[in-house]
Structure formats: structure tokens, C-alpha cells
There are 2 protein chains.
Amino acid sequence: MNSLAYALLSVLTRESMSGYDLMLRIQPFWQAKHSQIYPLLSKMEQAGYVEHILVEQSDKPDKKVYSSTEAGLSALRDWLSQPSADLVTRDEMLIKVYASWLGDRAELRRHLEDRIVACQKRLRHLEGLRDKYSSDFQADAGAMDLLSPAFSSYILIRRSLQIVNSDLEWCHWVLELLMQQELASGTDMTSTT
Amino acid sequence: MNSLAYALLSVLTRESMSGYDLMLRIQPFWQAKHSQIYPLLSKMEQAGYVEHILVEQSDKPDKKVYSSTEAGLSALRDWLSQPSADLVTRDEMLIKVYASWLGDRAELRRHLEDRIVACQKRLRHLEGLRDKYSSDFQADAGAMDLLSPAFSSYILIRRSLQIVNSDLEWCHWVLELLMQQELASGTDMTSTT
DNA sequence: GTTATCATGTAATTGGTTACATGATTGG
DNA sequence: CCAATCATGTAACCAATTACATGATAAC
């Protein structure tokens with residue numbers, strides 16, 4: 001049982017779903033491929049934390065719909081009381097930024113622009129999630145029940161949006177510094193693109 | 001050659017240092033233990049990207065001081081021109097927050113407070129780095145050479161500080177929502193601590 | 001005396017990605 | 001006709017952590 005297993009349980013205690021749907025649901029908050037999720041679900045089922053029923057579909061392939069068991073719920077509750085591992089970030093682009101003085105301005109700008117595109121895509125996705133669940137998130141957050149699934153989702157999505165927005169903010173800040181110096185130096189850097 | 005290898009090269013093209021020092025230097029931006037770094041440096045040396053000399057010390061254990069070779073520099077330059085892998089974050093606490101509705105307010109608050117402490121520690125460390133290199137970071141960022149090691153370090157540290165501060169901001173926001181409801185409901189949640 | 005820092009390494013294990021494999025349906 | 005989505009799985013490999021191992025010196 002690793003963090004991913006508990007992440008899967010966290011979803012399944014709210015709603016039963018297939019491994020495929022779990023993957024899609026978890027992606028924005030914990031990156032995991034199907035090749036990691038399917039064997040893990042099998043192991044969790046063997047351990048008695050989840051169970052599945054086969055749902056046959058005519059238009060789409062059949063699927064296994066997983067649910068959390070009582071044992072799964074109590075394992076999750078135990079895990080919740082444990083202290084958390086430190087946050088881990090692996091941002092290859094930041095390493096490239098650190099070494100960017102070896103290259104040229106156009107290269108650095110390209111990395112920043114790529115990141116901006118990726119952020120915007122993620123932003124649209126998160127805003128979609130926010131809007132999808134906005135009916136659960138009452139207008140007045142102060143009046144919301146703070147120990148409800150809706151509130152937990154709400155603060156999680158807020159956090160994710162905040163992270164993406166701060167990434168965008170930083171990219172634009174660096175881009176502006178780059179543009180300013182390009183103008184000041186009078187060289188036409190656009191030709192290098 | 002993985003991301004970590006290029007991260008090591010990025011440091012070594014600026015300054016020669018031991019595996020131990022590389023570990024300390026890289027930690028804030030790319031988590032890696034010594035047990036991953038030492039074997040990797042050996043592999044990189046075999047591949048001709050780095051080389052080392054043995055420096056004997058009387059007060060401390062002897063060390064191997066690594067430097068980047070020409071081949072290492074050009075490998076790094078090639079890597080810089082490649083598109084970056086997506087940002088990966090693994091934040092166990094966020095999963096716990098998502099499942100926090102299964103627990104109680106005190107538990108959620110404890111997680112947030114633990115994170116705040118961790119952030120403050122990291123903040124102090126990053127501010128230390130910023131101050132240490134502040135002489136390189138001229139007061140007027142606009143006048144700084146944008147393709148210098150100093151500028152690259154400057155924007156990297158700015159980004160790291162921004163990330164920590166936004167984390168802190170979010171934690172305090174959630175904590176305040178929690179406190180408000182505790183007051184409103186009139187229950188004395190502090191007794192659960 | 002015990003803990004922390006400096007300094008290096010290996011071995012075992014877990015975590016995670018890439019590639020291989022299949023197959024239906026829908027939209028462009 | 002080709003790509004994308006849905007849906008599941010395995011095998012091989014790479015990345016990363018934990019544990020094992022050593023040993024000096026300095027601070028508390």
C-alpha cells in the first residue's frame with residue numbers, strides 16, 4: 001500500500017468506478033499510468049481493500065467497477081492520521097532554466113512559451129472541473145460544511161488552480177524581462193526563432 | 001543520462017564540486033539521495049561527461065571533486081534544446097486533504113500546520129540562498145545580463161520562493177475557513193488536539 | 001556518550017514509465 | 001482510412017528510496 005493506493009481509495013470511498021476512470025480522475029493531482037493502476041487494484045483486491053463487479057457494455061468495452069470495502073475505508077482512515085511525506089516536485093524545465101545561460105534567448109523563450117501553453121491547457125481542464133462541481137461548492141464557502149466531500153474537492157481544486165496560475169505568472173514575468181532586454185540591446189532576436 | 005544527470009552537469013559547468021556538495025546544491029530543486037548521485041557520477045565519468053580529482057582533507061574525509069568535460073558541456077547544450085518533460089508533483093498531503101472529510105477538523109488542521117512548518121523551514125533556506133547570491137543579483141534586474149549564471153539562479157530562486165509562498169497562502173486560507181466554522185458552530189475543537 | 005556533519009559507496013526493494021498486446025466504436 | 005477514446009492487461013526497464021556499511025571529527 002503506497003500513496004497511490006490510498007489516492008485510489010480516497011476516490012473509491014466517494015464513488016465506485018473503473019480503473020480507467022480512476023486514472024482520469026487522479027491524473028490532475030497524482031500522475032499515474034494505467035499500467036501502474038491496474039496491477040495495484042488487483043493487489044488491493046487481494047488484500048481485501050477493494051472489490052469489483054463486471055459491468056458489460058454494448059457500445060464500449062466491458063469494465064470492472066471497483067468499490068472500497070469496509071477494510072479499505074478503515075485502512076484509509078488509519079493512513080489519514082499519519083504524517084505526510086514531503087512534497088516532491090520534478091520540473092525538468094526549471095533545470096533547463098538554470099542552465100539556460102549556456103544557450104540563447106530564443107531557446108529560453110521557447111521553453112517558457114511551451115510551459116505557458118501547457119499551463120493554459122491544464123487551467124482549462126481545472127476550470128472545467130471547478131464548473132462541473134460548482135453546484136456542490138456553494139457560493140458562500142464559509143457556510144459550507146467543512147468536513148464534506150464537496151469542501152475537500154473545493155479546496156483541492158483551488159490549490160491546483162493557484163499552482164498553475166503562479167506558474168503562468170512567473171513565466172510571463174521572465175518573458176517580460178527577456179523582451180525588455182531584447183528591445184534595449186536593439187538586436188533582433190526574432191530572427192533566431 | 002536522465003534529468004538528474006543533466007541537473008548535475010548544470011551545476012558542474014558552473015563550478016566543480018564533490019558528489020556530496022552536488023547533493024546539497026540540487027536538493028531544493030530536484031530531490032535526490034546520495035545513493036542515487038554517487039553511482040550516477042561514476043556512470044557519467046565512464047561515459048566521459050565528467051572527471052574527478054581526489055582532494056585529501058585532514059579535518060574532514062577525503063573527497064572526489066568532479067568537473068564537467070567538454071563532452072559533458074556539449075551533451076548538456078544538446079539536452080537544453082530538447083522540449084521538457086511535463087512538471088511532476090507528488091503531494092501526499094493534498095491526497096489527505098481530499099480525503100479529510102472522513103476524519104475530523106483537528107486532523108486536517110494538523111496536516112496544514114505541519115505543512116506550514118515545513119514551508120517556513122524551506123522559506124528560510126531559500127531566503128538564505130537568495131541573500132548569499134544577492135551580490136550577484138543586481139538591484140536592477142532589468143539591467144542584468146539575462147544570459148548569465150547569476151540571472152538564471154535569480155529567476156530559479158524567485159520561482160522557488162513563489163511556490164513556497166503560494167503554498168503558505170493556501171494553508172492559511174484553509175485554516176481560516178476552519179477557524180471560522182469552529183467559532184460559528186460553537187464547538188470547542190481545541191479539546192480534540 | 002550521543003547526535004550531527006562530512007564523505008563515500010553498495011544492495012535490495014519499491015515506484016513509475018515505456019513498450020507490447022488486443023479490440024471495439026466514433027469522428028474527422 | 002486514420003486517429004482518438006474506451007478498456008484492460010503484462011513485461012521490461014529505468015528511477016528513486018531505504019537500508020546496510022564505514023569512519024573521522026566536532027559540538028552538546
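A, B, ... follow the sequence lines: proteins, then strands. Residue 1 opens every chain. Any value given below was found using the heavy atoms of this structure, including those in side chains, with hydrogens, waters and symmetry copies removed.
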Going by atom type alone, with no hydrogens or angles, which donor-acceptor pairs under 3.5 Å involve a side-chain atom of residues 17-24 of chain A and a protein atom two or more places apart or on another chain?
{"residue": "Ser18(A)", "atom": "OG", "partner": "Asp21(A)", "partner atom": "N", "Å": "3.1"}
{"residue": "Ser18(A)", "atom": "OG", "partner": "Asp21(A)", "partner atom": "OD2", "Å": "3.2"}

Return all side-chain donor-acceptor pairs below 3.5 angstrom for residues 45-52 of chain A, not counting sequence neighbours, or 'none' if the list is empty.
{"residue": "Glu45(A)", "atom": "OE1", "partner": "His52(A)", "partner atom": "ND1", "Å": "3.0"}
{"residue": "Glu45(A)", "atom": "OE2", "partner": "His52(A)", "partner atom": "N", "Å": "2.9"}
{"residue": "Glu45(A)", "atom": "OE2", "partner": "His52(A)", "partner atom": "ND1", "Å": "2.9"}

Atom pairs and distances, side-chain donor-acceptor, residues 116-127 of chain B, under 3.5 Å, sequence neighbours left out:
{"residue": "Arg122(B)", "atom": "NH1", "partner": "Pro28(B)", "partner atom": "O", "Å": "3.3"}
{"residue": "Arg122(B)", "atom": "NH2", "partner": "Pro28(B)", "partner atom": "O", "Å": "3.3"}

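The separation between Ile53(A) atom CD1 and dA7(D) atom P is 14 Å, rounded to whole Å. Atom P of nucleotide dT17(D) and atom CD of Glu92(B) are separated by 13 Å, given to the nearest angstrom. Atom P of nucleotide dA15(D) and atom CE of Met44(B) are separated by 13 Å, given to the nearest angstrom. Atoms NZ (Lys64(A)) and C1' (dA7(D)) sit 11 Å apart, rounded to a whole Å. Distance, Leu4(A) CG to dA16(D) P: 17 Å, rounded to whole Å. Distance Leu41(A) CG to dT10(D) P: 12 Å, rounded to the nearest Å. The nearest whole Å value for the distance from the CD atom in Gln27(A) to the P atom in dC6(D) is 12 Å. Atom CE in Met23(B) sits about 12 Å away from atom P in dG9(C), given to the nearest Å.
Of the side-chain N and O atoms in Gln57(B), none sit less than 4.0 angstrom from OP1 or OP2 of dC6(C). For Tyr38(A) and dG9(D), the shortest distance from a side-chain N or O to OP1 or OP2 is not below 4.0 Å. Look at Tyr20(A) and you won't find any side-chain N or O under 4.0 angstrom from OP1 or OP2 of dT8(D).
Summarising the geometry, atom CZ belonging to Arg90(B) is positioned 5.5 Å from atom CD belonging to Gln31(A); distances are rounded to the nearest 0.5 Å. Put simply, CD1 on Ile155(B) and CG on Leu108(A) are 5.5 Å apart, with the number rounded to the nearest 0.5 Å.
Taking Glu92(A) as the reference, Lys96(A) meet the salt bridge (charged side-chain N to carboxylate O under 4.0 Å, His left out) condition, with sequence neighbours excluded. Residues forming a salt bridge (charged side-chain N to carboxylate O under 4.0 Å, His left out) with Arg25(B) (at least two apart in sequence, or on another chain): Glu15(B). Considering only residues two or more places apart in sequence or on other chains, Thr13(B) meets the side chain to side chain donor-acceptor pair (under 3.5 Å) condition with none of them. By the salt bridge (charged side-chain N to carboxylate O under 4.0 Å, His left out) test, Glu113(A) is found to be paired with Arg109(A), residues two or more places apart in sequence or in another chain being considered.
Map Asp21(B) and Pro39(B) each onto its nearest nucleotide of DNA chain C; the residue landing nearer the 5' end is Asp21(B).
Checking dA15(D), dC6(D), dG16(C) against the side-chain heavy atoms of Asn2(B) singles out dA15(D) as nearest. Nearest nucleotide to the Trp30(A) side chain, out of dT10(D), dA7(C), dG16(C): dG16(C).
Gln162(A) places a side-chain N or O within donor-acceptor distance of the main-chain N or O of Ser166(B), the cut-off being under 3.5 Å.
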Sugar-phosphate or base contact per nucleotide [nucleotides 17-28 of chain C; S, B, -; heavy atom under 4.0 Å]: BBB---B-S---

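Taking five base pairs at each end of the helix from dG1(C)-dC28(D) to dG28(C)-dC1(D), the local helix axes there meet at an angle of 40°, rounded to 10°.
Of the residues in residues 7-19 of chain B, those lying under 4.0 Å from DNA chain C by heavy-atom distance are Ser18(B), Gly19(B).
Using a 4.5 Å cut-off between side-chain heavy atoms of Ile, Leu, Val, Met, Phe, Trp and Tyr, Leu54(A) forms no hydrophobic cluster with any other residue.
Contacts classified as salt bridge (Lys or Arg N to Asp or Glu O under 4.0 Å) and involving residues 157-166 of chain B (residues at least two apart or in different chains) are given here: Asp167(A)-Arg159(B).
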